[in-house]
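Below is one structure, written out as structure tokens; the observations come after it.
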Amino acid sequence: MKVKSEVGHQMLIGELSERTGVSRRLLRYYEDQGLLESARSTSGYRVYGEEAPRTVQRIRTLLDMGLTTRTIASVLPCATGDGNEPLELEMCPSLLATIRRELAELDERIDELQRNRGALAAQIGC
DNA sequence: CTTCTCACA
DNA sequence: TGTGAGGA
């Protein structure tokens, strides 16, 4: 058996891109935003570990929840949800605060949208 | 494959 | 938030 370092599946950006369906350009962008990290090969290429595809998936689902990259950068370390559907967050006081703040901003936007909707609907007698 | 920049939706 | 292009 492998007693020492299990290197796992390392990959370059092209492979990570294919496995995740996220463009290379976007993967670099995520790294720029502090969401994704990579090691470098001797030739300067980005090298990703085997957990990278899962990390990218988590980034995608958090973006789909409407979070900004900045927020995701702080939330991501708490994300432990495995590969598929349900993202699981290891809750802690600061994460809870972040989520509550996000909900509050969402409620504010909803209120504003409802006011906009009301004003507009009134114009056609609804 | 890398970096950077400018521009744009 | 995400992309394309051009150049070193």
Side-chain angles (χ1 to χ4, degrees):
Chain A
M1 38 161 66
K2 294 158 190 171
V3 180
K4 265 200 166 174
S5 58
E6 171 61 69
V7 170
H9 192 112
Q10 306 242 317
M11 67 192 94
L12 299 182
I13 198 171
E15 186 176 350
L16 182 58
S17 173
E18 272 186 24
R19 295 171 79 126
T20 58
V22 173
S23 70
R24 290 173 260 229
R25 183 75 149 79
L26 197 45
L27 290 172
R28 289 187 206 106
Y29 177 72
Y30 290 160
E31 183 169 334
D32 236 44
Q33 303 305 305
L35 306 183
L36 189 60
E37 64 174 335
S38 66
R40 292 311 171 109
S41 73
T42 50
S43 37
Y45 297 168
R46 287 175 176 81
V47 180
Y48 300 93
E50 59 184 347
E51 74 296 340
R54 264 176 308 171
T55 304
V56 173
Q57 275 179 326
R58 287 172 196 158
I59 294 170
R60 292 306 320 182
T61 63
L62 289 164
L63 281 168
D64 287 345
M65 298 190 318
L67 300 181
T68 64
T69 52
R70 210 201 118 193
T71 305
I72 294 175
S74 69
V75 168
L76 201 53
C78 309
T80 165
D82 263 12
N84 311 20
E85 307 313 306
L87 178 75
E88 287 196 34
L89 297 180
E90 197 173 330
M91 203 51 60
C92 67
S94 77
L95 177 56
L96 190 59
T98 301
I99 292 176
R100 290 224 158 100
R101 214 190 55 231
E102 212 68 33
L103 290 175
E105 282 171 20
L106 235 29
D107 288 340
E108 225 173 286
R109 286 169 52 195
I110 289 170
D111 283 350
E112 188 183 349
L113 287 171
Q114 278 176 341
R115 279 186 280 104
N116 291 159
R117 211 215 100 95
L120 208 45
Q123 298 305 311
I124 56 172
C126 286

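So you know, we letter chains A, B, ... as the sequences are listed, proteins then strands, and number each from 1. These numbers come from a predicted model, not from an experiment. Hydrogens, waters and symmetry mates play no part in the numbers below; they use all other heavy atoms, side chains included.
Look at C:dA8: its Watson-Crick or wobble partner, with both distances under 3.5 angstrom, is B:dT2.
Applying the salt bridge (Lys or Arg N to Asp or Glu O under 4.0 Å) test to residues at least two apart or on different chains, the pairs with a partner in residues 13-30 of chain A are A:E15-A:R19.
Side-chain contact check for A:T20 versus A:Q57: every heavy-atom pair is 4.5 Å or farther apart.
Partners of A:S41 according to the side-chain hydrogen bond (donor to acceptor under 3.5 Å, both in side chains) rule, which considers only residues two or more places apart in sequence or in another chain, are A:S43. Checked against salt bridge (Lys or Arg N to Asp or Glu O under 4.0 Å), A:R40 has the following partners two or more places apart in sequence or in another chain: A:E31. Residues forming a side-chain hydrogen bond (donor to acceptor under 3.5 Å, both in side chains) with A:Y30 (at least two apart in sequence, or on another chain): A:R60. A:T71 is linked by a side-chain hydrogen bond (donor to acceptor under 3.5 Å, both in side chains) to A:T68, counting only residues two or more places apart in sequence or in another chain. Residues satisfying the side-chain contact (heavy atoms from CB on, under 4.5 Å) test with A:E37, not counting sequence neighbours, are none.
Protein chain A contacts DNA chain B from B:dC1 to B:dT3, reading 5' to 3' and using non-hydrogen atoms of the protein with a distance under 4.0 Å.
The stretch residues 104-112 of chain A has no heavy atom under 4.0 angstrom from DNA chain C at all.
Comparing A:G14 and A:D32 by the nucleotide of DNA chain B that holds the closest heavy atom to each, the one mapping nearer the 5' end is A:G14.
A:S17 places no side-chain N or O within donor-acceptor distance of the main-chain N or O of A:I13, the cut-off being under 3.5 Å.
Membership of the apolar cluster around A:L12 extends to A:Y45, A:V47, as traced through chained side-chain contacts below 4.5 Å between ILVMFWY residues.
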Within the sub-3.5 Å range, which N or O atoms of nucleotides 1-7 of chain C have a protein N or O partner, and how far apart are they?
from  : atom 1 : to    : atom 2 : distance (Å)
C:dT1 : OP1    : A:T69 : OG1    : 3.2
C:dT1 : OP2    : A:T69 : N      : 2.5
C:dT1 : OP2    : A:T69 : OG1    : 3.4
C:dG2 : OP1    : A:R60 : NH1    : 3.2
C:dG2 : OP1    : A:R60 : NH2    : 3.4
C:dG2 : OP2    : A:Y30 : OH     : 3.2
C:dT3 : OP2    : A:S23 : OG     : 3.1
C:dT3 : O4     : A:R25 : NH2    : 3.3
C:dG4 : N7     : A:R25 : NE     : 3.2
C:dG4 : N7     : A:R25 : NH2    : 2.6
C:dG4 : O6     : A:R25 : NH2    : 2.1

Can you give each donor-acceptor pair under 3.5 Å made by side-chain atoms of residues 102-114 of chain A, sequence neighbours left out, with the distance rounded to 0.1 Å?
none

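Residue contacts for A:I13: at a heavy-atom cut-off of 4.0 Å it reaches the sugar-phosphate backbone alone, with no base atom in range.
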